[in-house]
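Step one of this worksheet: look at the structure below.
Numbering of ligands and ligand atoms starts at 1, following listing order. Keep in mind that the numbers below use all heavy atoms, side chains included, and drop hydrogens, waters and symmetry copies.
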Amino acid sequence: MEFKLMPGGAITGEARVPGDKSISHRAIMLGALAEGTTRVSGFLEGEDALATVAAFRAMGVDIEGPEDGEVTLHGVGLHGLRAPQEALDLGNSGTSIRLLSGLLAGQSFACELTGDRSLCGRPMGRVIDPLTMMGARIEGVEGGRPPLKITGGQSLQGIHYDLPMASAQVKSCVLLAGLYARGRTSVTEPAPTRDHTERMLRGFGYPVSSEQGVIALEGGGRLRATDIDVPADISSAAFFLVAASIAPGSDLLLTHVGVNPTRTGVLRILELMGADITLKNERVVGGEPVADIRVRHAPLRGIEIPADQVPLAIDEFPALFIAAACAEGRTVLHGAEELRVKESDRIAAMAEGLTTLGIANEVLDDGIVIEGGTPGGGVILTHHDHRIAMSFAIAALRAEGEIRILDCDHVATSFPGFDAMARGLGLQISTLAD
Ligand code: S3P
């Protein structure tokens with residue numbers, strides 16, 4: 001599928017973007033392993049989260065839905081999973097494979113985890129290393145890429161792990177393996193990352209401590225079923241936050257957005273660039289902060305992105321690069337080498353597309369320099385990455401010519417219905433089958 005965008009337009013109205021991807025995955029995992037029935041609402045019916053649902057079904061968990069964002073899980077308890085008949089195919093989803101590798105390292109059965117071409121190119125040494133230290137037997141191919149083979153039947157030992165990179169997936173993997181380990185499992189991180197796993201474990205009645213940067217739990221406890229209301233995904237909202245900021249005449253309200261402080265780097269960065277963003281109706285829903293966000297057009301200026309905001313905005317940089325492309329002056333990003341190992345190398349893929357649109361940029365090992373200007377039109381390659389596709393779609397609001405974006409099927413991994421919602425809010429987008 002391709003996107004075709006006519007230049008110009010303003011973003012107005014009100015919308016609730018689909019459910020948070022990170023929270024949707026975790027709701028399925030913990031609901032499946034809890035004792036009792038868990039009801040999830042606001043679930044993201046995107047391919048990534050559905051891959052997690054399929055994996056637990058393949059391990060014998062009775063899951064009803066999703067239907068209109070509602071999922072009911074009949075939890076089997078921490079020791080109730082059954083060996084899957086075949087390899088678990090996690091599609092494009094890094095969160096599924098990395099969190100599941102932790103959960104499955106402590107099971108009595110063997111299993112294999114695999115995915116699509118993009119996932120099979122992503123580094124898994126980062127989870128293989130700590131799990132091996134805990135006593136798991138887990139192997140990848142070509143120096144630590146999927147498919148991952150987990151031997152099972154090993155008894156795990158709690159460890160302390162000092163994370164070498166700021167990664168919530170690695171942190172979560174180790175903590176989830178820790179549920180099955182003897183004694184205490186703890187982690188420290190080089191910078192705070194999204195804490196949905198810790199919050200949700202507590203929501204399922206599992207004690208997790210978080211003191212002076214050390215996150216810890218004891219193995220051998222139990223999860224008690226609970227109900228989960230998944231907020232709208234700030235990572236999906238980010239496309240419209242940028243869209244409304246750059247398009248003159250825009251005034252948009254995004255409702256029920258998750259504003260967990262480990263995810264709101266995009267708000268801080270846009271505010272520093274001069275964006276007009278206000279949070280309303282702030283509340284806590286099921287342990288996660290939520291708000292309605294109003295954003296109006298404002299002239300943006302280039303900035304040096306503060307290093308401490310980088311892990312807090314890691315998924316939003318493709319959209320933020322479009323904000324930088326439409327800002328006045330230069331934007332500089334450092335310390336974001338993790339962008340190179342996402343669904344695509346997001347520094348290279350964004351730089352290529354920006355260059356196509358005539359936006360001057362310089363690629364750095366760990367970031368990028370972008371000179372704000374006026375994007376032209378052109379044909380963009382997404383490198384099969386959902387966030388690259390959606391980012392260049394919003395660039396059309398300020399472009400001088402038509403933008404065609406090839407290969408947009410992956411948008412369905414995180415944001416099903418993006419094109420229809422974008423059209424409803426004012427983007428001149430149409431889709432073409434390829
Ligand atoms: C995620 C963590 C982040 C993020 C990904 C989702 C999670 O990955 O990029 O989209 O749900 O834990 P890393 O942990 O690799 O930074």
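Considering backbone and side-chain atoms alike, E338 places every N or O at 3.5 Å or more from each N or O of ligand 1. Considering backbone and side-chain N/O of R387, none are found under 3.5 Å from N/O of ligand 1. For the pair A168 and ligand 1, the shortest N or O to N or O distance falls below 3.5 Å.
Heavy-atom proximity to atom 7 (C) of ligand 1, evaluated over R26, K171, H25, K21, is greatest for R26.
Against a heavy-atom cut-off of under 4.0 Å, S167 is close to the following atoms of ligand 1: 13 (P), 14 (O), 15 (O), 16 (O).
Residues passing the side chain to side chain contact (heavy atoms under 4.5 Å, CB included) test with P311, sequence neighbours excluded: A166, A191. Residues passing the side chain to side chain contact (heavy atoms under 4.5 Å, CB included) test with V363 are R340, I347, A351, N361, sequence neighbours excluded.
Ring pair Y180/H79 is perpendicular by interplanar angle, where above 60° counts as perpendicular and below 30° as parallel. Between F418 and F415, the two ring planes are perpendicular [angle over 60°; tilted spans 30° to 60°].
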For the pair E338 and R346, evaluate salt bridge (Lys or Arg N to Asp or Glu O under 4.0 Å) and give the outcome as yes or no after the intermediate values. CA-CA 9 Å; E338 280 294 307; R346 287 184 173 158; over 6 Å; no
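At least one heavy atom of K342 sits closer than 4.0 Å to an atom of ligand 1.
Only the side chain of R194 comes within contact range of ligand 1, with a heavy atom under 4.0 Å; no backbone atom does.
Summarising the geometry, atom CD belonging to E343 is positioned 9.0 Å from atom CD1 belonging to I388; distances are rounded to the nearest 0.5 Å.
Summary of contacts: the protein heavy atom closest to atom 10 (O) of ligand 1 is D315 OD2, 2.8 Å. From the protein, the heavy atom lying nearest to atom 6 (C) of ligand 1 is T95 OG1, 3.4 Å.
Exactly one residue among L176, T197, T226 makes a side-chain contact (heavy atoms from CB on, under 4.5 Å) with L30. That residue is L176.
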